[in-house]
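Remarks on the structure that follows.
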Amino acid sequence: MTLNQQRKLKTILTGLFAWTVALVLFFPIFWMFITSFKTELQAISVPPSLFFEPTLDNFRVVQERSDYIHHAWNSVVTSFGSTIIALIIAIPAAYSMAFFPGKRTKDILLWMLSTKMLPAVGVLVPIYIICRDYGLLDTKTALVIIFTLMNLPIIVWMLFSYFKDLPKEILEAARMDGATPWDEVVKVVLPLSVGAISSTALLSIVLCWNEAFWSLNLTASDAAPLTAMIASYSSPEGLFWAKLSAASTLACAPIVIFGWFCQKQLVQGLTFGAVK
Amino acid sequence: MSYLTITDLQKHYDSYHALRGINLTITEGEFVVFVGPSGCGKSTLLRTIAGLESSTGGNIELDGRDITEVASSKRDLAMVFQSYALYPHMTVADNLSFALRLAKVSDAEIKEKVRSVSASLQLDALLERKPKELSGGQRQRVAIGRAIVRQPKVFLFDEPLSNLDAALRVQMRLELARLHKKLGTTMIYVTHDQVEAMTLADRVVILNAGQIEQVGTPLELYRQPNSRFVAEFIGTPKMNLIPANKIVRHEDNLAIDLLGQQIIFPVNRLKGPLPKSAIVGIRPEHMTLVQEGGDLSGRIELVEHLGSEAYAHLQLSSDQTIIIKAPARTALKDGQVVNIKIDMSEVILFNENDRVISVIPEEV
Ligand SMILES: Nc1ncnc2c1ncn2[C@@H]1O[C@H](COP(=O)(O)OP(=O)(O)O)[C@@H](O)[C@H]1O
Ligand SMILES: [Mg+2]
């Protein structure tokens with residue numbers, strides 16, 4: 001084989017591999033989407049039917065049984081709200097750790113990340129009791145607080161990694177130019193980090209949107225976001241696959257569309273390094 | 001009148017003692033160059049003056065004000081970094097005006113200042129570009145422009161030319177010298193390149209291992225180095241240093257034994273007592289080739305032709321070679337044995353601690 005052929009083969013193989021992975025990842029979503037247009041009978045038929053007459057019945061039923069807009073609004077408020085609060089806390093934290101590191105900075109970062117290793121169920125009871133005692137059960141406030149704390153370590157870590165790679169001399173130049181610490185952050189660090197911050201925010205929003213554990217345990221109806229709505233279709237009268245799929249499709253749709261529009265930020269943010 | 005006074009300045013990085021008691025006074029309008037080998041603390045000293053590093057002892061006074069504890073942003077100093085450190089998200093115009101906008105200067109005044117600075121640095125056509133669309137030389141100009149537009153008390157430069165190619169470096173060096181003439185502002189310039197130091201400086205500060213080795217005008221340092229370190233650091237090719245282990249006094253003269261050959265040195269040029277041994281320093285241009293007589297003789301090992309001049313490497317003994325400056329179209333041949341005459345008034349003696357023990361006579 002010549003070098004050229006080898007190179008071509010390599011491209012084809014990587015392409016094939018990438019497509020396989022993408023298809024495997026995409027298949028469940030595709031199946032959910034298809035199923036949401038089937039009748040309950042078609043949904044559980046074996047072998048599964050690929051060709052059928054699509055129906056919108058499931059969507060109608062879901063809309064009748066649960067208030068989609070209400071749950072969607074809860075999802076929007078909790079995921080965007082907690083992301084904004086987390087960013088407000090994380091940006092100065094990451095900034096100080098990246099530009100004024102102390103002896104323990106690395107340890108603090110690791111410790112923060114280690115909190116993510118604890119299974120959430122381990123703190124369910126204390127948090128449930130705290131929420132109950134403060135009257136926060138089934139409130140968006142509780143979810144916003146929990147989501148903020150849940151994502152803070154990841155957000156700080158991501159921003160820290162980005163800030164650490166910003167050339168220090170640019171900030172020093174600003175300092176020499178008369179910039180106060182506030183000016184430094186607002187006029188130099190933030191504009192240079194738009195990409196990193198938006199992709200971090202996007203990640204946080206997606207994580208909150210898809211969060212189910214706390215939503216299910218801390219909310220009933222008033223504050224229930226879309227994940228809790230989906231779950232209500234797997235109980236109590238047994239499983240309704242088609243309706244469950246319809247509910248899930250409705251729950252995923254906004255975030256998928258949002259993600260689609262933010263693609264550019266996401267790629268830019270994840271590839272970083274646009275500074276040097 | 002002293003403008004910038006540095007008194008017993010210390011800097012420790014944890015256990016590393018980077019600045020070991022720096023004392024220096026700089027007068028207004030001076031162009032001072034800090035020079036020294038890599039790692040000697042030049043950048044640390046400059047950054048401590050800038051306030052980017054905090055000192056761990058001593059103090060700094062600028063224009064009658066103690067600025068030791070003042071924040072960088074309030075010191076009214078401008079700095080040009082080796083990496084230029086332009087703001088990547090701003091256009092050239094915004095880079096130039098950043099400091100003025102922070103200082104709440106009026107729009108009309110900003111516009112006028114940016115215009116005049118960009119005109120003088122030939123940046124007019126680039127004002128709307130982002131730094132990444134500029135060449136290295138252009139970035140350098142913007143960095144300099146950003147400093148001068150503010151009219152600071154002192155300019156600080158940290159190896160500003162070391163990222164440029166050789167030709168551009170020479171050109172920018174000249175521009176900096178012109179700029180200093182035009183503005184008359186105090187400048188402190190850090191470099192490891194002794195040629196830059198010699199050509200730009202009113203006064204050169206030679207640093208070595210966190211201490212000032214010597215301060216003086218370029219010519220003072222060249223002719224009257226205090227130590228072997230300075231003698232070797234300044235001048236290309238380097239000063240020749242030859243150990244002399246036998247020194248005998250004959251009335252008003254010293255007979256110094258240089259590897260079996262003798263040179264005669266006047267006693268009254270000696271500082272302090274008669275040494276037993278010394279290191280004899282002679283610059284390549286203070287020796288001339290002669291047909292007859294002369295002070296030393298040796299065998300030509302190699303001749304380097306530079307076009308405008310030539311350097312002959314002369315072997316005095318098996319392990320001692322010295323360099324002599326020769327005329328451009330010298331007919332010297334490798335292996336040839338030649339005699340040289342030394343300009344004795346320029347010879348310097350160092351003791352075993354590498355300190356100078358002779359004086360250079362005043363030039364007439
Ligand atoms: N942030 C730092 N932490 C520890 N040591 C440092 C730091 N910055 C500089 N040094 C040390 O201080 C010495 C002087 O550094 P520097 O001033 O940068 O030298 P140069 O003369 O090359 O500019 C060097 O030995 C360097 O290793
Ligand atoms: Mg340096």
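Letters go in sequence order (proteins before strands), and every chain restarts at 1. Computed from a predicted model, the values in this text were never measured in an experiment.
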Please tabulate, one pair per line, all N/O donor-acceptor pairs under 3.5 Å involving side-chain atoms of residues 180-189 of chain B, not counting sequence neighbours.
residue	atom	partner	partner atom	Å
B/H180	NE2	B/G29	O	2.8
B/H180	NE2	B/T185	O	3.3
B/T186	OG1	B/G29	N	2.9
B/Y189	OH	B/E196	OE1	2.8

Interface residues of residues 95-115 of chain B facing chain A - non-hydrogen atoms under 4.5 Å apart: B/F98, B/A99, B/L102

Nearest-0.5 Å distance that lies between atom NZ in A/K168 and atom OG in B/S83: 13.0 Å

Interatomic spacing from CG in B/D158 to CD in A/E169 - rounded to 0.5 Å: 7.5 Å

CZ/A/F33: more than 12 non-hydrogen atoms of other groups inside 6.0 Å: no

More than 12 heavy atoms from other groups under 6.0 Å of CD on A/Q6: yes

Structural part of B/R47 lying under 4.5 Å from a heavy atom of chain A: side chain

Listed once per pair and sorted, the ring pair (Phe, Tyr, Trp, His ring centres under 6.0 Å) pairs that draw on residues 5-26 of chain A, sequence neighbours left out: none

Report all side-chain donor-acceptor pairs from residues 176-196 of chain A shorter than 3.5 Å, counting only partners two or more places apart or in another chain.
residue	atom	partner	partner atom	Å
A/D177	OD1	B/R150	NH1	3.4
A/D177	OD2	B/Y87	OH	2.7
A/T180	OG1	A/D183	N	3.2
A/T180	OG1	A/D183	OD2	3.0
A/D183	OD1	A/K187	NZ	3.4
A/D183	OD2	A/T180	N	3.1
A/E184	OE1	A/Y95	OH	2.9
A/E184	OE1	A/R175	NH2	3.4
A/E184	OE2	A/R175	NE	3.0
A/S193	OG	A/V189	O	2.5

